[in-house]
A.B. asks: 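Following this message is one structure expressed as structure tokens.
Bear in mind that the values here come from a model prediction, so they are computed numbers and not experimental data. Just so it is clear: chains get the letters A, B, ... in the order the sequence lines come, proteins before strands, and each one is counted from 1.
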Amino acid sequence: MGSPFDLDDDVSPPADQPAPSPWLAALNSEQRLAVETTEGPLLVLSGAGTGKTRVLTARLAQIIAQGRARPWQVLSVTFTNRAAREMRERVQRLVGAAAEQVWLGTFHALGARILRRHAPLAGLESNFTILDVDDQLRLLKQILTEEGIDAKASPPQMVMASIQRWKDRGLPPARLPNAEAVELAGGRGAAIYRIYQDRLAALNACDFGDLLLHCLTIFQNPAHADILADYQDRFRYMLVDEYQDTNVAQYLWLRLLAQKHRNLCCVGDDDQSIYSWRGAEVGNILKFESDFPGARIIRLEANYRSTPTILAAAAGLIGHNLGRLGKTLRPGNAEAERGPPVVVRALWNGAEEARWVVEEIEAEQRAGTKLGQMAILVRAGFQTREFEDRLIATGLPYRVVGSLRFYERQEIRDALAYFRVVAQPADDLAFERIVNTPKRGLGDSTLQALHVLARRQGTGLVEAARLLAGTDDLKPKARKALADLLADFARWRTLLATMAPGPLAETILDQSGYTAMWRQDRSPDAQGRVENLKELVAALEEFDNLGGFLEHVSLVMDNDDKSGGERVSVMTLHAAKGLEYDVVFLPGWEEGVFPHQRALSEGGLKSLEEERRLAYVGITRARRQVFVSYAATRRIYNRWQDSLASRFIAELPDATVETLAERGLSGGFAAASVPAWAPRPSVQAPVAPERSYQPGERIFHQKFGYGRITAVDGNKLDIFFDKAGAKKVVDSFVMPAENL
DNA sequence: GATAATCCGGTTTTT
DNA sequence: CCGGATTATC
């Protein structure tokens, strides 16, 4: 942060005093108050760019350095691993190694830590697995099928979402209000939820929501009052970051733990609440005072990030929301230059918009702004493509933040599933994932048989596999494959104790044939997948054992960018929260795009206000300048669609804005009703002509790319594709290559 | 059981 | 128009 904190004159100590503690250095008066009010419940309303991280770290450092509590008596919670890491590093710098003993982490990591200690009380063993979304969904689908629930009427995704929301609200199946599940799964929602939870327990597994939900169940059980009392005693001080994003379960968790010492400090900003669709409850901020009588509230309103103009624009916009707690950002530095206005630019279409944005980026770069200090923030992920195209065409280095995370890639998940089967033999979901990957001739029918047997015997799949391999219910081929696989598992498990995790992982991936599977794959991305597997093995070197690594992975799904050079960042507005840039581009400000159509048609005022907060978050990311833009027409799903400027544009105060429009686009607002122009006909994909093909001919296929015909049989072609290898394809799916 | 053809739906997603 | 998920076919 290059903010001029040192210009704040009310922090300078009197000359005859000893130098202040380092953690108090460079704090303004309101920040300092928030740091020094250590006793009793405290709510810090901290606007964008007002230095909340600084306050949190200073507060934590002070509590430890002054000996108000031992490090392990302090709980500090964040939402992201990034935030947790950053805080630990900063506190370490202030108080040294003591920082390592603080209970500092994400809600989920801390929940897992507590739950592992008391797992049996939640029907789990302490080495339980934390499932990823893939596994959860697979499990739920099984249940829905078994229960004869129509997947069309009740999409698994939707049922899953409901279950997650219940967990977000701290509701285990037993506490679910009767009315809740009626709409779901033909009225059987509650039953499904219960089965899902039972099945997780049988698998010795839990999902993310359970990490907190199980804690709550244990804490709230009068039979184990001693456990709760123990934690309540322990946590003398508690700090919470991004409090506006807490859901009910997290809130209850905090409230229970803070009950005894009541030294709970929550830092948040209701204007930056953008995750309500994930169960976050802004209401938690409002409830704070009533739940903790005598709570103090401190507002941080001095912004050290943005120019006065940007702050005024943001304030004007967010002022259109009702029911705010009320907070006005003011420039932290009274002498700051007003700064350039927010540029609002109307363009004809998306391609032009991308072109304009990239031109401005180049102009900024020429003027001395580093590429790493510029960001394009979009509403939805798909919008990044247009900008990527343009950036590539221009040759500007860029990075897309938050897309395809390392641990979510197919090959990584497969590899992890292998590790899980070895480290946690009861992990049926992992087993199922890899039992036929690579192909071993153990397909659906074998799996069905395993399921039936497992159910009948009341065992897990792996055990069922062992039984089944000993019978002759399977065809010899499948039986051999299964026995071989089990022998592999057994061998790897014996290595578990003796071999370092890195080499062990490599052994598993090699002997299972998994690496070979990708080596042989001709598809364009196979090469990269092999690379990713290598990276995974390399990452394992740092761990003592496989189990530790798996715990790490299930909790820490982050992707550090090790990109060295300066790059323009492209990301969603959600991903941008907490970040800052000199120059920020906010494209796609059109009704239906931003605010999003679904927010307009479904969620009513609440949704619209959340969209507005998202816009507010976007604007307040900028230190020096904001560029807003929108296109009069956009091609969505191959349809040209006229659009109107976002209402948020009109909500920016006139004095903060400079409007630029293309000739013909009136007053900066799309003349959508009078399209005085015609969209250029889109480049038509060549239509397959009615013709016959000859062997040897070069062709193109939508999915497989280019290839050469090796044989013709009526309308069926044998083709050897450059990338995908030999395939049989019907001729209407290909076109002569020279047509392109 | 593996592959090709067809169908369908299409925000945001810190763990 | 794209991709994934489902179905249809060999």
A.B. asks: Pick the C1' atom in B/dT11 and in C/dT6, then give their distance to the nearest Å.
C.D. replies: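 These two C1' atoms come out 24 Å apart once rounded.
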A.B. asks: Please determine, for the side chain of A/His574, which listed nucleotide (B/dG1, B/dT11, B/dT12) has the closest atom?
C.D. replies: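 Ranking B/dG1, B/dT11, B/dT12 by closest atom to the A/His574 side chain puts B/dT12 first.
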A.B. asks: If I take atom NZ in residue A/Lys577 and atom C1' in nucleotide B/dT13, what distance separates them, rounded to the nearest angstrom?
C.D. replies: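 After rounding, the reported distance stands at 12 Å.
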A.B. asks: Provide the distance between the two P atoms, one in B/dT13 and one in C/dC2, to the nearest whole Å.
C.D. replies: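 About 22 Å, rounded to a whole number of Å.
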A.B. asks: Please report, rounded to the nearest Å, how far the C1' atom of B/dT11 is from the CZ atom of A/Arg598.
C.D. replies: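 For the pair A/Arg598 CZ and B/dT11 C1', the rounded distance is 7 Å.
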A.B. asks: Is there aromatic stacking of A/His596 against B/dT11, centre distance under 5.5 Å, plane angle under 30°?
C.D. replies: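 Stack criterion met.
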A.B. asks: Is A/Arg379 side chain donor-acceptor paired with the B/dT11 base, going by distance under 3.5 Å alone?
C.D. replies: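 Such a pair does not exist between side chain and base.
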A.B. asks: Using whole Å, what does the distance between atom C1' of nucleotide B/dG9 and atom CE of A/Met158 come to?
C.D. replies: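 Going from A/Met158 (CE) to B/dG9 (C1'), I get 12 Å.
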A.B. asks: Decide if atom CD of A/Gln597 counts as having more than 12 heavy atoms of other residues, nucleotides or ligands within a radius under 6.0 Å.
C.D. replies: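 Yes, enclosed.
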A.B. asks: What is the distance from CD of A/Gln641 to P of B/dG10, rounded to the nearest Å?
C.D. replies: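 About 15 Å, once rounded to whole Å.
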A.B. asks: Rounded to the nearest 0.5 Å, what separation is found between the CD1 atom of A/Ile412 and the CG atom of A/Asp414?
C.D. replies: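 So the gap between those two atoms works out to 9.0 Å.
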A.B. asks: Pick base, sugar-phosphate or nothing for A/Thr446, based on heavy-atom distances below 4.0 Å to the nucleic acid.
C.D. replies: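 The answer is sugar-phosphate, as A/Thr446 gets under 4.0 Å only of primed atoms, P, OP1 or OP2.
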A.B. asks: Return yes if a side-chain donor-acceptor contact under 3.5 Å exists between A/Gln244 and A/Asp271, otherwise no.
C.D. replies: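 Their side chains do not contain a donor-acceptor pair, so the 3.5 Å distance test is not met.
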A.B. asks: Examine B/dT15: is either OP1 or OP2 under 4.0 Å from a nitrogen or oxygen in the side chain of A/Asn81? Give yes or no.
C.D. replies: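 Affirmative; the distance criterion is met.
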A.B. asks: Of all residues at least two apart in sequence or in a different chain, which pass the salt bridge (charged side-chain N to carboxylate O under 4.0 Å, His left out) check with A/Arg169?
C.D. replies: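 Counting only residues at least two positions away or on another chain, A/Arg169 forms a salt bridge (charged side-chain N to carboxylate O under 4.0 Å, His left out) with A/Glu180.
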A.B. asks: Tell me whether the side-chain N/O atoms of A/Thr572 come closer than 4.0 Å to OP1 or OP2 in B/dT13.
C.D. replies: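 Looking at the OP1 and OP2 atoms of B/dT13, one of them is under 4.0 Å from a side-chain N or O of A/Thr572.
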A.B. asks: In whole Å, what separates the P atom of B/dT12 from that of C/dA5?
C.D. replies: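 That atom pair is separated by 16 Å.
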A.B. asks: Report the distance from atom CG of A/Leu377 to atom C1' of B/dT11, rounded to the nearest whole Å.
C.D. replies: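 Taking atom C1' of B/dT11 as the reference, CG of A/Leu377 is at 16 Å.
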A.B. asks: To the nearest Å, how far apart are A/Leu442 CG and B/dG1 P?
C.D. replies: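 The answer, rounded to whole Å, is 8 Å.
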A.B. asks: Side chain of A/Ser445, heavy atoms from C-beta onward: which of B/dG1, B/dT11, B/dT15 has the nearest atom to it?
C.D. replies: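 Shortest atom-to-atom distance from the side chain points to B/dG1.
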A.B. asks: Classify the nucleic acid contact of A/Lys439 as base, sugar-phosphate or nothing, counting any heavy atom under 4.0 Å across all strands shown.
C.D. replies: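 Sugar-phosphate, backbone atoms only, no base.
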A.B. asks: Nearest 0.5 Å please: distance from the CZ atom of A/Arg479 over to the CG atom of A/Leu442.
C.D. replies: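 Between A/Arg479 CZ and A/Leu442 CG, I get 13.5 Å after rounding to 0.5 Å.
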A.B. asks: Assess whether one donor atom and one acceptor atom, taken from the side chain of A/Arg82 and the base of B/dT15, lie less than 3.5 Å apart.
C.D. replies: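 No.
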A.B. asks: Over all strands shown, is A/Gly381 touching base, sugar-phosphate only, or nothing at heavy-atom distances under 4.0 angstrom?
C.D. replies: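 A/Gly381: backbone/sugar contact only, no base atoms under 4.0 Å.
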A.B. asks: Looking only at side-chain atoms of A/Thr80, point me to the closest of B/dT13, B/dT15, B/dG1.
C.D. replies: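 Output: B/dT15.
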A.B. asks: Measure CD/A/Glu609 against P/B/dT12 and give the value in whole Å, please.
C.D. replies: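 Rounded to the whole Å, the gap is 22 Å.
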A.B. asks: Do A/Asn284 and A/Thr246 have a side chain donor and acceptor closer than 3.5 Å?
C.D. replies: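 A donor-acceptor contact under 3.5 Å links the two side chains.
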A.B. asks: State whether the aromatic ring of A/Trp277 stacks on the base of B/dT12, taking stacking to mean ring centres under 5.5 Å apart and ring planes under 30° to each other.
C.D. replies: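 Answer is yes, a stack.
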A.B. asks: When all nucleic acid strands are considered with a 4.0 Å heavy-atom cut-off, which category describes A/Glu611: base, sugar-phosphate, or nothing?
C.D. replies: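 Counting heavy atoms under 4.0 Å across all strands, the contact made by A/Glu611 includes a base.
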A.B. asks: Out of A/Arg420, A/Arg433, A/Lys141, which one pairs with A/Asp135 under the salt bridge (charged side-chain N to carboxylate O under 4.0 Å, His left out) rule?
C.D. replies: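 Answer after filtering A/Arg420, A/Arg433, A/Lys141: A/Arg420.
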A.B. asks: Could you please name the option among B/dT13, B/dG1, B/dT11 that lies closest to any side-chain atom of A/Tyr275?
C.D. replies: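 For A/Tyr275, the side-chain atoms sit closest to B/dT13.
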A.B. asks: Just N and O in the side chain of A/Thr78: are any of them under 4.0 Å from OP1 or OP2 of B/dT15?
C.D. replies: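 It does not, given that no N or O in the side chain of A/Thr78 lies less than 4.0 Å from OP1 or OP2 of B/dT15.
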A.B. asks: What is the distance, to the nearest angstrom, from the CE atom on A/Met160 to the P atom on B/dT15?
C.D. replies: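 It is 18 Å, rounded to the nearest whole Å.
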A.B. asks: Would you say A/Asn436 reaches B/dA2's phosphate, i.e. side-chain N/O to OP1/OP2 under 4.0 Å?
C.D. replies: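 Answer is yes, contact under 4.0 Å.
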A.B. asks: Hey, which of these two, A/Gly441 or A/Thr106, hits DNA chain B nearer its 5' end, going by closest nucleotide?
C.D. replies: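 First, find each residue's nearest nucleotide; the 5'-ward one identifies A/Gly441.
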